[in-house]
Student: 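Here you go, one structure.
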Amino acid sequence: MSDLSRLRADFPLLQQEMNGRPLVYLDSAATTQKPTAVLDAMDAYYRRYNANVHRGAYTLAQEATELYEGSRAKVAAFVGAASPREIVFTRGTTSAINTVAFGWGMYHLRPGDRILLTDLEHHANVVPWQLLCRHTGAHLDYLPLTPDYRVDLERLADRLDERVKVVGISGMSNVLGTILPVARVAAAARAVGAITVVDAAQMAPHLPVDVAALGVDFLACSAHKMLGPTGIGALWGRLELLEAMEPAEGGGEMIRDVGRDESTWAPAPHRFEAGTPPIAEAVGFGAAVDYLSAVGMDEVRRHEADLTGYALERLSEVPGLVVYGPPEVEHRGGAVSFTLADIHPHDLATILDQQGIAIRAGHHCAQPLHRLLGVPATARASFYLYNTRREVDALLPALAEARRLFGVA
Ligand code: PLP
């Protein structure tokens, strides 16, 4: 990051104090702060362009439609899609994965089929598949982790056979930070005829993504985790799969023709966007990927790898602190989850808040993973392009204060 201090100035929220200290925002894995470019784009949309999209014969509606569809093209380019038609706007990662589960899985899975996930998945990449299993009689299976918190590729061969129809894999863990070998898993899945669905909620904000190079079939992400607004995300799917898929939601906008008893669907992606879409949010999403592209995703990754390495080094100085996640920076992103002696993570988060530091505590929507880790909850500091080494340093006295308050030797 060549000029980080200038970049921080793009984020108005980061300029404030919290509990009498400069705000140190270390919760970007939950949601990210928004640059002025995103706020301005959404503001300008409502002030100058607001109209419903697709149906209007008048100029304003056409301009709004161009902005909405323009954002689709930006998101498509950001993930390396072959065409903007491969991008479905959804409410976020969760609804994107549900769209695949109920639009594809419901029509392709039979009793006895299997869905292979990994042991570190977020609930968004577990529960939709559990629901699908209930409806179809398919079963879930999990690829285990290695002792250093990576997925165990040696177990891939014995987990994959022609009964596996879907492999659901996170690109990057929101708890452990682990970067998963998506391309290798997708190649193995393809060899047995399974599709690969990537939960890229953490990957898309933090790593360059190229769906063609990954060789996957679907990829889901959330705008709010990549500098954009809440309420919108994207499902990328290979066009031939999207075209063959049924919509999980029906209503206006997504039809070709509606009769009294039957209807036919619009082509993808509009088939999956029933009702008035989140137009201002799409505009904000487009501005967010413009911002990230201007910084450069390689640069984002380089900065975060530096910060994460530094954080792991500094946290190793804290007696009683255990980090859960790969020790090598090349295998992990900037979500650093930890426990400190027997201090409850919620207490840790409250003590850090008094010092102006925002971290998250809990199971981070990954209860099965926490059960495997043997802890009900962890504290998590997570970094993004606007964080600094000085903010990592701020953790140390705050954690020392927690140890003092709880009498940890
Ligand atoms: N997957 C991962 C890895 C996540 O970190 C999250 C959010 O925390 C999600 C899925 C769900 O994203 P959303 O709540 O935006 O749908």
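Computed from a predicted structure; not experimentally measured. Each ligand, and each atom within it, is numbered from 1 in the order the structure gives.
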Student: Check each atom of ligand 1 against the heavy atoms of Gln202 and keep those under 4.0 Å away; list them by number with element.
Tutor: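 Those qualifying, in numeric order: 3 (C), 4 (C), 5 (O).
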Student: Identify the protein heavy atom lying closest to atom 3 (C) of ligand 1, giving its residue, its atom name and the separation to 0.1 Å.
Tutor: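 The closest heavy atom on the protein side is Asp199 OD2, 3.6 Å.
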Student: Got the closest protein heavy atom to atom 4 (C) of ligand 1, with its distance?
Tutor: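 Of every protein heavy atom, His122 CD2, 3.2 Å lies nearest to atom 4 (C) of ligand 1.
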Student: Step by step, would you call Thr276 with Asn52 a side chain to side chain donor-acceptor pair (under 3.5 Å)?
Tutor: CA-CA 7 Å; Thr276 299; Asn52 211 333; 3.0 Å; yes
Student: Measure up the Tyr291 and Phe11 rings against each other and bin them: parallel (under 30°), tilted (30 to 60°), perpendicular (over 60°).
Tutor: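 Perpendicular.
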Student: Is it true that atom CZ of Arg360 has more than 12 heavy atoms of other residues, nucleotides or ligands lying nearer than 6.0 Å?
Tutor: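 Count not over threshold, so no.
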Student: Give the contacting part of Lys225 toward ligand 1: side chain, backbone, both or neither, where contact means a heavy-atom distance below 4.0 Å.
Tutor: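 The side chain, only.
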Student: With a cut-off of 4.0 Å, which atoms of ligand 1 are near a heavy atom of Ala201?
Tutor: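 Here the atoms of ligand 1 in question are 1 (N), 2 (C), 4 (C), 6 (C), 9 (C), 10 (C).
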Student: Under 4.0 Å from a heavy atom of Ser222: which atoms of ligand 1 are those, numbered in the order shown and with their elements?
Tutor: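 Ligand 1 atoms under the 4.0 Å threshold to Ser222: 12 (O), 13 (P), 15 (O), 16 (O).
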Student: Give a yes/no verdict on a cation-pi contact between Arg389 and Tyr310, requiring under 6.0 Å between NZ or CZ and the six-membered ring centre and an angle within 45° of the axis.
Tutor: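 Because its charged atom sits under 6.0 Å from the ring centre and within 45° of the axis, Arg389 does stack over Tyr310.
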Student: Can Thr378 and Thr339 be counted as having a side-chain donor-acceptor contact under 3.5 angstrom?
Tutor: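 Result is no, nothing qualifies.
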Student: Would you check the N or O atoms of Ser170, main chain and side chain alike, for any that come under 3.5 Å of an N or O of ligand 1?
Tutor: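 N/O-N/O distance under 3.5 Å: no.
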Student: Looking at side-chain heavy atoms only, is the closest gap between Leu117 and Ile169 below 4.5 Å?
Tutor: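 Counting from C-beta outward, Leu117 and Ile169 never come under 4.5 Å.
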Student: Take atom CD in Glu154; do more than 12 heavy atoms of anything else shown fall under 6.0 Å from it?
Tutor: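 Result for CD/Glu154: open.
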Student: Which protein heavy atom lies closest to atom 16 (O) of ligand 1, and at what distance to 0.1 Å?
Tutor: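 Result for atom 16 (O) of ligand 1: Thr94 OG1, 2.6 Å.
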Student: Regarding ligand 1, does His224 bring an N or O atom to under 3.5 Å of one of the ligand's N or O atoms?
Tutor: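 Yes, His224 has an N/O under 3.5 Å of an N/O on ligand 1.
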